[in-house]
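Naming: A, B, ... by sequence-line order, numbering from 1 per chain.
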Protein chains: 2
Amino acid sequence: MSDGRPTGGYGGESLLFLTDEQLRQGIEAMFFAYRGFTADPDRILAEIAYGRAHHRAIHFINRAPGTTVNNLLSILGVTKQSLNRVLRTLVGDGLVESRVGPVDKRERHLYLTDKGKALESTLSDAQRARMRAAYRDAGPEAVAGFRQVLEAMMDPEMRRAYTRLRDGS
Amino acid sequence: MSDGRPTGGYGGESLLFLTDEQLRQGIEAMFFAYRGFTADPDRILAEIAYGRAHHRAIHFINRAPGTTVNNLLSILGVTKQSLNRVLRTLVGDGLVESRVGPVDKRERHLYLTDKGKALESTLSDAQRARMRAAYRDAGPEAVAGFRQVLEAMMDPEMRRAYTRLRDGS
DNA sequence: CTTGGAAAGTCAATAACGCTGACTTATGCT
DNA sequence: AGCATAAGTCAGCGTTATTGACTTTCCAAG
């Protein structure tokens with residue numbers, strides 16, 4: 001399990017990409033890349049005294065306008081109390097609007113205000129710029145592989161959330 | 001910049017993989033995948049009252065035995081105070097050994113004890129299992145692309161740390 | 001051989017973000 | 001009427017990170 005040789009009992013295919021060493025390099029690549037991934041928005045957020053949690057909420061509200069609190073909860077994978085604290089500041093600062101559900105009045109539907117959209121745009125422009133550079137460097141085939149591996153790494157439940165967003169509700 | 005069409009002024013190649021929509025999907029894939037990436041070790045760490053910070057320290061001490069505190073600091077990208085708190089518990093719990101530098105006595109060189117190695121093994125087995133499954137599902141070419149994009153996403157300084165580790169100090 | 005600076009360790013205070021548990025309010029549905 | 005659901009809230013806690021200030025130890029250059 002830790003001898004650097006391929007694992008599994010396959011036949012003659014090259015399974016060298018499944019060695020523990022290769023896997024460890026992948027793990028480290030994820031670690032370092034994720035740092036880069038969040039670095040640009042983090043810088044912007046720090047200036048306005050927000051954190052990553054605010055960014056995530058803004059991102060997904062923008063992505064699925066009108067989403068309910070419960071829906072957002074399951075996407076973000078945090079507790080109601082955690083999300084609520086973030087949401088309260090966002091609503092208080094006039095970035096997010098919370099409207100009573102038209103059909104089920106218990107629900108609150110979340111929307112970005114113009115101000116919220118502006119911040120979302122600033123944040124995602126910064127993040128996209130880095131992604132775009134990385135994508136361009138690596139090329140379309142690498143990007144396809146990148147997406148494929150990431151998708152395979154997700155928990156099944158998160159993969160459902162991901163594909164649902166991707167393919168449009 | 002946000003119209004869904006390709007950006008950049010290239011010629012006739014298909015740049016559809018550089019649309020804002022594609023980039024956003026990549027961003028979301030990173031978000032969901034990173035959750036999966038940390039989920040398994042997080043579960044183990046929660047049982048023993050450690051956190052991700054302990055895992056990271058253990059990982060890199062195992063990876064580069066004898067590393068100094070300053071070196072670890074720059075790899076992990078945290079402050080001395082943050083790392084020190086983690087390191088103190090790890091040394092106190094007998095997982096990490098801190099030896100005075102043989103040549104420069106100001107330095108402390110960090111090593112995992114047998115107990116530390118055992119925990120490292122448990123944690124990385126869990127994380128590798130998921131990586132291995134994802135790699136196997138996606139195949140060697142996808143993995144190559146995955147690595148390529150991740151590397152391109154890193155900050156230059158982190159990329160140096162990454163390749164230095166990968167290619168062996 | 002003194003002095004400046006580097007490496008490490010520490011103390012105190014602060015903040016973001018997450019958690020659990022308990023509870024209320026409003027509403028929908030059977 | 002009564003149970004369940006969606007949301008919101010209060011209180012308290014823990015981890016991880018931050019900054020600032022300070023000490024000890026030690027190397028190395030003047």
Name the pairs: protein N/O against N/O of nucleotides 5-7 of chain C, kept only if under 3.5 Å.
from  : atom 1 : to       : atom 2 : distance (Å)
C:dG5 : N2     : B:Arg106 : NH1    : 3.1
C:dA6 : N3     : B:Arg106 : NH1    : 2.8
C:dA7 : OP2    : B:Asn70  : ND2    : 3.3
C:dA7 : O5'    : B:Asn70  : ND2    : 3.4

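- Between the C1' atom of C:dA8 and the CG atom of B:Leu110 lies a distance of 11 Å, rounded to the nearest Å.
- Between A:Leu45 atom CG and A:Ile58 atom CD1 the span is 7.5 Å, to the nearest 0.5 Å.
- Rounding to whole angstrom units, CD1 of residue B:Ile48 and C1' of D:dG14 are separated by 16 Å.
- One interatomic measurement links the two molecules: NZ of A:Lys105 to C1' of D:dG8, which rounds to 19 Å at whole-angstrom precision.
- Atom CG of B:Leu150 and atom CZ of B:Arg147 lie 8.5 Å apart (nearest 0.5 Å).
- Taking the charged nitrogens against the carboxylate oxygens, A:Glu21 and B:Arg63 do have a contact shorter than 4.0 Å, which makes a salt bridge.
- A salt bridge is defined here as a Lys NZ or Arg NE, NH1 or NH2 lying under 4.0 Å from an Asp or Glu carboxylate O, and A:Arg130 with B:Asp155 meets this definition.
- The NE2 atom of B:His109 sits 13 Å away from the P atom of D:dC26 (whole-angstrom rounding).
- For the atom pair CD1 (B:Ile61) and CG (B:Leu110), the distance works out to 4.5 Å, reported to the nearest 0.5 Å.
- Between the CZ atom of A:Arg88 and the C1' atom of C:dC17 there is a distance of 14 Å, given to the nearest Å.
- Phosphate proximity of C:dA16 to A:His54: absent, as no side-chain N or O sits under 4.0 Å from OP1 or OP2.
- The backbone N or O of A:Gly94 lies less than 3.5 Å from a partner atom in the side chain of A:Thr113, making a donor-acceptor pair.
- Place B:Leu73 and A:Val103 on DNA chain C by their nearest nucleotides, and B:Leu73 ends up nearer the 5' end.
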At a cut-off of 3.5 Å, list every protein nitrogen or oxygen paired with a nitrogen or oxygen from nucleotides 17-23 of chain D, distance to 0.1 Å.
from   : atom 1 : to      : atom 2 : distance (Å)
D:dA17 : OP1    : B:Arg56 : NH2    : 2.2
D:dA17 : N7     : B:Arg85 : NH2    : 2.8
D:dT18 : OP2    : B:Thr79 : N      : 2.7
D:dT18 : OP2    : B:Thr79 : OG1    : 2.8
D:dT18 : OP2    : B:Ser82 : OG     : 3.0
D:dG20 : O6     : B:Gln81 : NE2    : 2.8
D:dA21 : N6     : B:Gln81 : NE2    : 3.4

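- In this pair, A:Tyr162 and B:Phe32 present their aromatic rings perpendicular. The plane angle is above 60°, beyond the 30 to 60° band.
- Contacts of A:Ser98 with the nucleic acid, taken as non-hydrogen atoms under 4.0 Å apart, involve only primed sugar atoms and P, OP1 or OP2.
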Notebook entry, point to check: Between B:Arg108 and B:Val100, is a side chain to side chain contact (heavy atoms under 4.5 Å, CB included) present by the stated rule, with each step listed?
Noted result: CA-CA 5 Å; B:Arg108 297 301 134 89; B:Val100 172; 3.9 Å; yes

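- The CG-P distance, from B:Asn84 to C:dT10, rounds to 5 Å in whole Å.
- As rounded to whole Å, 18 Å separates atom C1' of D:dA6 from atom CZ of A:Arg99.
- Remark: side-chain polar atoms of B:Asp104 are paired, donor with acceptor, to backbone N or O of B:Arg106 under 3.5 angstrom.
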